[in-house]
Amino acid sequence: MIRKKVLCSSLILFALLLSKLYSTPHNNTSGGDKIVATKLVDTPAHLGGDEEKKEKNNSFESYLSSLTFAEDSLPMDRPLVESKLRKFFSRFSFKKTGSYDMHKKAEIYLPKIAKILKSHGIPEDFKYIPLVESGLSKAVVSSKGAGGYWQFMPATARLYGLRVNGAVDDRKDLVKSTHAAARYLKYLYAQFGNWTLVAAAYNVGDGSLKGSMRRQKKDDYFALKLNNETGSYVYKLVSMKEIIEHPQKHGYSRYADKETETLDREPNMF
């Protein structure tokens, strides 16, 4: 009987020792877990995002430095120039327009316009004027009476060989009005000797632009203080050029050139 009691007590004691042993935390394991956890917390999770953002910014800066108008580089060292370009890139982007109309019209009309301009020795970038002025619509008439693809005023249109009367309006004829526009642009270049100033003069008139240049004693479009429309005009042309020529970069994936799409996998990078 005593032997049975001793055996039972031993079993109970052994069970208690085992229970204590397995319920006590193991310091080595706990310490190891803490070290691993600390390492995970201390690792900056946003590092990859910052690197990606930096790479994207560098890509954008490189893109900006490549922009030209009539084969002249833009002064990207001036903050206002970049700011205005960003503004119109955004305004003309697919995100804002939500339409492919510009690209559809450009596909039809711009090759014809470029061919005519080239025959007169006018830089190809001027083919974007009708896209900015009228959206390549012959029916558009401004509040001041400018009309047709190139938005000629009646007097200027007649001066450059177009008929504008109750029966006929040649401003609505793409070929005739483009030849007239080329002659006018050629005249403006003879006055200013600079294609960027020619674009500004097309918008505001040669007399008005000469007056601004004389008063401000400056002959640099990007340094002149002009009215809001004329001061934005070249930026609109450059932005429109980029929207049409590099659609993938501005969200127009449907019109993205296959080669560009292969090299540039960054839709709407701006």
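- The two residues Pro123 and Ala70 make their nearest non-hydrogen contact at CB-CB, 3.9 Å.
- Counting non-hydrogen atoms of neighbouring residues, nucleotides and ligands closer than 6.0 angstrom, the NZ atom of Lys210 exceeds 12 such neighbours.
- The environment of Arg163 atom CZ is sparse: at most 12 non-hydrogen atoms of other residues, nucleotides or ligands sit within 6.0 angstrom.
- Side-chain N or O atoms of Lys84 include one that pairs as donor or acceptor with a backbone N or O of Gly231 at under 3.5 Å.
- Looking only at distances, a side-chain donor or acceptor of Gln151 sits under 3.5 Å from a matching main-chain atom of Val140.
- Atoms OH and CG, from Tyr128 and Leu110 in turn, are 6.0 Å apart once rounded to the nearest 0.5 Å.
- Geometrically, Arg183 does not engage Tyr160 in a cation-pi contact, judged by NZ or CZ lying under 6.0 Å from the ring centre and within 45° of the ring axis.
- Annotation: cation-pi pair Lys249/Tyr63 present, NZ/CZ under 6.0 Å from the ring centroid and within 45° of its normal.
- Put simply, the side chain of Leu209 does not reach to within 4.5 Å of the side chain of Leu188, judged on heavy atoms.
- Closest approach of Ser212 and Leu224 over heavy atoms only: O-CD2, 4.1 Å.
- Remark: side-chain polar atoms of Lys241 are not paired, donor with acceptor, to backbone N or O of Phe69 under 3.5 angstrom.
- Distance alone, capped at 3.5 Å, is enough to place a donor-acceptor pair between the Arg158 side chain and the Val164 backbone.
- In this structure, the separation between CE on Met102 and CE on Met240 is 5.0 Å, given to the nearest 0.5 Å.
- For Tyr109, the OH atom sits in a loose shell: 12 or fewer heavy atoms of surrounding residues, nucleotides or ligands are nearer than 6.0 Å.
- Relative orientation of the Tyr252 and Phe94 rings is perpendicular, given thresholds of 30° and 60° on the angle between their planes.
- Under a 3.5 Å cut-off, the side chain of Ser137 and the backbone N or O of Ser134 do not form any donor-acceptor pair.
- The structure places CG of Asp219 at 11.5 Å from OG1 of Thr196, a figure rounded to the nearest 0.5 Å.
- Of the possible donor and acceptor atoms, none in the side chain of Tyr189 sits under 3.5 Å from a partner among the backbone N and O of Tyr184.
- Taking the charged nitrogens against the carboxylate oxygens, Asp169 and Arg171 do have a contact shorter than 4.0 Å, which makes a salt bridge.
- Using a 4.5 Å heavy-atom threshold, the side chains of Val234 and Leu74 count as separate.
- A heavy-atom distance below 4.5 Å is not found between the side chains of Thr178 and Lys112.
- Under the 4.5 Å side-chain heavy-atom criterion for grouping Ile, Leu, Val, Met, Phe, Trp and Tyr, Leu159 is connected to Phe152 within one hydrophobic cluster.
- To the nearest 0.5 Å, atom CG of residue Leu162 and atom NZ of residue Lys176 are 8.5 Å apart.
- In this structure, the separation between CZ on Phe88 and OH on Tyr233 is 12.0 Å, given to the nearest 0.5 Å.
- Side-chain atoms of Ser93 come within 3.5 Å of backbone N or O of Ser90 as a donor-acceptor pair.
- Although no hydrogens or angles enter the test, the distance criterion places no donor-acceptor pair under 3.5 Å between the side chain of Ser232 and the main chain of Glu229.
- Using a 4.5 Å cut-off on side-chain heavy atoms (C-beta onward), Tyr149 and Asp173 make no contact.
- Under a 3.5 Å cut-off, the side chain of His179 and the backbone N or O of His120 do not form any donor-acceptor pair.
- Counting all heavy atoms, side chain and backbone alike, Met76 lies closest to Leu64 at CG-O, 3.5 Å.
- Cluster annotation: Tyr187 and Ile129 are assigned to the same hydrophobic cluster (Ile/Leu/Val/Met/Phe/Trp/Tyr, side-chain heavy-atom contacts under 4.5 Å, transitive).
- Rounded to the nearest 0.5 angstrom, His250 NE2 and Ile244 CD1 are separated by 10.0 Å.
- Under the 4.5 Å side-chain criterion, counting only non-hydrogen atoms from C-beta, Phe126 is in contact with Val198.
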Do Tyr221 and Asn194 pass the side chain to side chain donor-acceptor pair (under 3.5 Å) test, and can you show the C-alpha distance, the side-chain angles, and the key distance before you say yes or no?
CA-CA 9 Å; Tyr221 170 80; Asn194 176 279; over 6 Å; no
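- With hydrogens and angles disregarded, no donor-acceptor distance shorter than 3.5 Å links the side chain of Glu242 to the backbone of Phe89.
- Other residues, nucleotides and ligands place more than 12 heavy atoms under 6.0 Å from the CG atom of Asn227.
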